[in-house]
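Numbers here simply count residues along the sequence, with the first being 1. Keep in mind the model is a prediction, meaning the values are calculated, not measured.
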Amino acid sequence: MKALDLRRTSLLAGFSLLLFLITASTYGSLGVVLPAMIGQLNWSFEKAFLGFSVLGVFTGASSWLPAILIRRIGVRGTLIGGVAILALGLLGFAGADSIARYYAGAALCGVGFQMAALIPGTHVLSALYRQRALPFGIYFTFGSLGGAAGPLIANAFMQASGDDWHGFWQAQAVLVAVIGLACAALVGGSRWLRTAAQTVDLEVEQAARDAPPHPSVYRTSREWPVSAALRTPQFYILAAAYFTHLLVGVTVASLSVTHLTEIGIAAGVASVAAAALAAKMLSLESLMQTLARLGGGLLGDRIDPKGLLVGAQAMLVAGLLALASATTMPMMLLYAIGTGIGFGLTVLAVTVLLLNYYGRRSNLELFSLTCLVGAVSAAGPFIGGAMRDRLGGFAPTFQLFAALVAIVFVAVLVMRPPQPPAGMVDVTD
């Protein structure tokens, strides 16, 4: 048992470090580096931010791939392939002398992100831990730390190197390859993971006999087949909530720096100072994600995660509306706190609710299907860029997305746990 404890702690640390680096190297950096690329390559906002959408589309659309690969070649093989593809994508950014190569790099980064990040990580951690909210909270916290560190690292590198975005992307490719391969070395084979999961299942069964879960936390005692789960409205509400958090996250990461810089210049702030402040706000937003996920991880096994999800959606609405007109420091802080907490809590709450509602054994497929909505949410930056070119600003985009999140907020508020169909066999999860 001690060997298993040490192994799963090492895997939690390894996956957390990998998620930190992947997030910092892609979504955390592109919005900061992109303005320099636009200036040097003379791209329009619409074409440039379409690359961010390509990144998101391929991240979401390839969510089915890790589940298939993990079932066939295991987590280790999937990770190795993922970090190789991600490194190639970052090198594509480094050599983006044409818009087509930039888009190709974004597509590869999206596929590599999905193969190396959330789906393998959540699959392994759900198999190795009986109480999952805390390890998930730690794991997602490091992803948020990557989002917080990414803009600062990118901004510091760009200032020190004279906007050498080629060198920045090359350095990120090397780091991803090194850390990704090190993490893959920590992962055992498929047989070891199945054995470890069976051991954890026995722990769950014993714990359920000794101390039932907190009465405020709903956990199913049945393992839902994928087909049955897909017939429940709760799955689609959770998928919609995941969609809104991705839509807000990718849009804020890609557009907020340019938006705040533009309105700062319009208010008489020097362009360099406005850009630096905008980058700091994006980092603060990511820091709030970190705190939200850590706090949510501590609470997720003690209170119903649905309450966390309701609060998260409300915070997203408030943050988006504040960002649309963030001409003062209080409004900037409200944007950073609102979207940061909302984003951070949503992914944690949805992940835990999927396990609580439908069980562990089909979670790889259900979580992969939930991630598939990222392909649609990735349209956010493109919509924002197109609206900016036509309307002269990004504020209408943030207001439109706030209205969409508000609709999902109402659906989550009235949601109840799904009722298993007749004839489903009880098993302990």
Side-chain angles (χ1 to χ4, degrees), residues 17 19-39 48-49 51-52 55-56 59 90 93-94 106 109 113 117 140-173 175-176 245-246 248-265 269 271-293 319-320 322-323 326 329 332-344 380-381 384 394 398:
L17 179 59
L19 184 61
F20 169 89
L21 181 60
I22 291 175
T23 306
S25 300
T26 53
Y27 290 99
S29 298
L30 185 55
V32 176
V33 181
L34 195 53
M37 298 173 70
I38 292 172
F49 285 117
F52 224 118
L55 172 64
T59 302
L90 293 169
F93 283 162
C109 283
F113 185 101
F140 291 134
T141 292
F142 273 82
S144 295
L145 284 172
L152 296 177
I153 294 171
N155 188 60
F157 187 98
M158 297 296 282
Q159 289 184 356
S161 64
D163 286 344
D164 178 19
W165 51 269
H166 302 279
F168 176 78
W169 294 124
Q170 290 167 353
Q172 299 307 302
L175 286 172
V176 163
H245 113 278
L246 288 176
V248 173
V250 72
T251 302
V252 168
S254 61
L255 305 183
S256 64
V257 171
T258 305
H259 168 66
L260 292 177
T261 301
E262 287 183 347
I263 62 178
I265 293 173
V269 180
S271 59
V272 175
L277 179 60
K280 290 177 181 178
M281 286 297 106
L282 183 58
S283 291
L284 176 60
E285 191 259 1
S286 295
L287 178 60
M288 298 310 300
Q289 294 178 29
T290 302
L291 296 177
R293 289 174 176 177
L320 284 171
L323 177 58
M329 184 58 68
M332 290 185 188
L333 292 174
L334 179 57
Y335 130 65
I337 294 171
T339 60
I341 292 178
F343 186 94
F394 294 107
F398 301 130

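Of the candidates T339, L287, L277, V252, V252 is the only one forming a side chain to side chain contact (heavy atoms under 4.5 Å, CB included) with L282.
To the nearest 0.5 angstrom, L334 atom CG is 10.0 Å from L323 atom CG. To the nearest 0.5 Å, atoms OH (Y335) and CD (E285) are separated by 5.5 Å.
In this structure, F398 has its ring center under 6.0 Å from that of H259. Checked against a 6.0 Å centroid threshold, the rings of F93 and F168 do not count as neighbours.
Annotation: side chain of V250 is in contact with side chain of P381 (closest heavy-atom distance under 4.5 Å). Side-chain contact between Q172 and F157 is absent, with no heavy-atom pair separated by less than 4.5 Å. Side-chain contact between Q289 and I341 is absent, with no heavy-atom pair separated by less than 4.5 Å. A heavy-atom distance below 4.5 Å is found between the side chains of L284 and L333. Between D164 and M158, every side-chain heavy-atom pair lies at or beyond the 4.5 Å cut-off.
In terms of modelled atom types and a separation under 3.5 Å, the side chain of H245 and the main chain of F343 share no donor-acceptor contact. In terms of modelled atom types and a separation under 3.5 Å, the side chain of S29 and the main chain of P151 share no donor-acceptor contact.
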